[in-house]
Structures are given as C-alpha cells and as structure tokens.
Protein chains: 2
Amino acid sequence: MRISEASTKSGLSADTIRYYEKSGIVPPIDRGPDGLRRFSPENLEWLTLLYWLRKTGMPMKEMQRFASFYRQGEATVPQRRDLLLKHEQRLQERRADLARCEEVLSYKLAAYDRIEGNRS
Amino acid sequence: MRISEASTKSGLSADTIRYYEKSGIVPPIDRGPDGLRRFSPENLEWLTLLYWLRKTGMPMKEMQRFASFYRQGEATVPQRRDLLLKHEQRLQERRADLARCEEVLSYKLAAYDRIEGNRS
DNA sequence: CCTTGACCTGGAGTGACTCCAGACCGGTAG
DNA sequence: CTACCGGTCTGGAGTCACTCCAGGTCAAGG
C-alpha cells in the first residue's frame with residue numbers, strides 16, 4: 001500500500017511517517033519501480049504501534065531505542081518488554097493527571113455556578 | 001511570594017511562568033521595590049489552574065482566550081464555563097486514548113510472552 | 001568589601017512535528 | 001499528442017511550547 005493509505009490506517013500523517021523514517025524510528029520503506037514507498041502489513045502494524053505510543057506520551061528518544069531493539073531481532077524481546085512496561089506506568093500517571101484535573105475543573109465549575117446563581 | 005515559591009507550589013517552572021506572563025496568559029505580576037515579581041495567592045491559584053489545563057492538553061491559544069475572558073470580569077463566566085466543559089470533553093478523549101493504548105500494549109506483551117515461552 | 005544566590009531580560013536552542021515549493025510520474029480528457 | 005491532474009517525492013522553512021543560557025542587578029552573610 002502507498003503512503004496515503006498507510007497514513008489513514010495507522011493514524012500518522014504522511015509527513016510524520018516520512019519524518020519517522022528519516023529519524024530511524026521506522027525502517028527504510030521499500031520503494032516500487034516508480035520510486036514511491038510501498039508499505040507492507042508489518043510496516044503498517046509498526047506504524048500503528050508507534051501512533052499509540054506517541055499519542056500517549058512516549059518521547060521519540062525512547063521510540064528510537066525501541067526501534068533499534070526491534071531491528072536487532074528476537075534476542076531483545078526482554079528489553080522491549082521493559083520499555084512497554086515502563087510505558088504502561090506512564091499511562092497510570094497520565095490517568096492520575098486526568099483525574100486530578102477533573103477535580104480542579106469541577107471545583108471551578110461549582111464556583112461559576114455560585115456566581116451565576118447570585119447574579120440571577 | 002517570589003517566583004521560586006510560586007513555581008514549586010504551582011508546578012510550573014519559573015521560566016514557564018515568565019513565558020506565560022509575556023504571552024498574556026498570566027496577568028502582569030506586581031513587582032516589589034527590588035523589581036522582582038511578587039505573586040499573590042490569586043496569582044498562585046491562577047497558575048495552578050493553568051498548570052493542570054496545560055498538563056492535560058489545553059492549547060495555549062485556548063488558555064489565552066480563557067485568560068482574556070478572565071480579565072473581562074464576571075460577565076464572561078458563561079464563556080469560561082464553556083471552555084472548561086469543552087476541556088472536560090478532551091479529558092474523556094484522552095482517557096479513551098489511554099485505554100486503547102493499554103489494549104495495544106497488552107496485546108504486544110502477550111506476543112512477547114509467547115516468543116519467550118517458545119525460546120525457553 | 002567580596003562572594004553567593006535568587007532574580008532579571010533578551011535571545012538562542014530543542015522536540016516533534018507541519019507546511020510548502022518545486023519536481024516527477026502515470027492516467028484521463030480533449 | 002498534449003494538457004492537465006492527483007498523488008508522491010525531497011529539502012527546507014515555520015510553528016508551538018517550552019527550556020536553557022549569557023550577562024547583569026541586588027540584598028544579605030562572612
């Protein structure tokens with residue numbers, strides 16, 4: 001498949017995919033006889049994983065390490081697992097942030113209600 | 001209180017506070033006779049709110065609008081409420097992202113377990 | 001006095017994109 | 001055949017939200 005399809009299916013923009021390839025987070029994608037990128041299903045799965053990792057706050061440095069482990073084959077599965085476990089922890093922290101923010105918001109909204117109540 | 005205290009109490013770095021003041025998200029802070037910023041408790045509350053909004057993904061443009069409503073006084077409470085409600089919706093979306101990512105991760109981790117299982 | 005530490009300003013640097021100009025290329029319409 | 005069109009390419013500039021730094025001021029302590 002070509003880049004636009006890979007983009008819609010993975011969630012990453014075409015620009016971001018090319019940028020990731022330049023940065024070594026995505027392996028060099030095969031080209032067709034026309035010189036355009038052709039993405040394999042494995043490529044797409046990798047992009048999709050990256051999409052979710054990035055969207056939930058994994059920094060690029062870490063994705064690069066992850067990618068380099070990936071390139072080194074199955075022997076690096078333990079290291080890759082460690083990175084994903086670490087990321088799961090990050091998800092926990094984010095969840096806590098969301099909850100804390102929710103609290104702050106409902107406190108603020110309650111204050112607004114009081115003001116509105118007094119005005120009317 | 002001075003900037004370092006405002007920083008530790010709000011969660012924002014001193015640099016970020018100064019940057020927010022420059023950008024108009026934080027009102028011009030009063031200065032002491034020494035020319036240094038003196039933060040009032042209201043200033044601190046505002047900074048803390050900004051900290052949580054930013055941390056959970058409100059873009060600066062929107063914080064600027066929020067700040068400008070705030071400067072215009074109580075008449076803008078409805079608009080401010082709208083912005084906060086909109087942000088609550090964003091929190092929902094983020095939560096969904098986290099859940100989706102969690103799924104992706106556990107799928108990947110299970111695959112790793114299978115590989116490790118086969119190797120040993 | 002001299003140093004230390006917190007603070008100041010203006011400006012450069014960073015991370016992670018995002019947008020754009022200018023070129024190429026295969027296919028359809030006139 | 002030629003003219004255009006949409007999708008892709010590359011390299012490079014622009015953006016957002018900080019973050020870091022050089023060079024300077026000032027108050028208090030040794």
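Note on naming: letters A, B, ... go to the chains in the order of the sequence lines (proteins, then strands), and numbering restarts at 1 for each one.
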Practice item. May I ask you to say whether B:Asp113 pairs ionically with A:Arg81, meaning some side-chain N is under 4.0 Å from a carboxylate O? Key: yes

Revision key, fill the gap. Quick tally for nucleotides 4-18 of chain C: nucleotides whose base has a protein heavy atom under 4.0 Å get B, sugar-phosphate-only ones S, the rest -, giving ---SSB-----SBBS

Point to revise | A:Ile17 CD1 to A:Lys22 NZ distance, which is reported to the nearest 0.5 Å | key: 13.5 Å

Review point. Are B:Val77 and A:Tyr112 close enough that some pair of their side-chain heavy atoms sits under 4.5 Å apart?
Key: yes

Practice item. Report the distance from atom CG of B:Leu47 to atom P of D:dC18, rounded to the nearest whole Å. Key: 13 Å

Point to revise | Sequence-distant partners of B:Arg2, salt bridge (charged side-chain N to carboxylate O under 4.0 Å, His left out), two or more places apart | key: none

Got a list of protein N/O to nucleotides 22-25 of chain D N/O distances below 3.5 Å?
none

Point to revise | SB check B:Lys108 B:Glu103 (cutoff 4.0 Å) | key: no

Check your understanding: Less than 4.0 Å between a side-chain N and a carboxylate O, is that true for B:Arg18 and B:Asp15?
Key -> yes

Review point. Are the charged groups of B:Arg80 and B:Glu74 less than 4.0 angstrom apart, N to O?
Key: no

Practice item. Grab the CZ-C1' distance between A:Arg38 and D:dC9 for me, whole Å please. Key: 13 Å

Check your understanding: Would you call A:Glu5 and A:Arg38 a salt bridge, taking side-chain N to carboxylate O under 4.0 Å as the test?
Key -> no

Exercise for review: Can you tell me the distance, in whole Å, between the CD1 atom of B:Ile17 and the C1' atom of D:dA17?
Suggested key: 15 Å

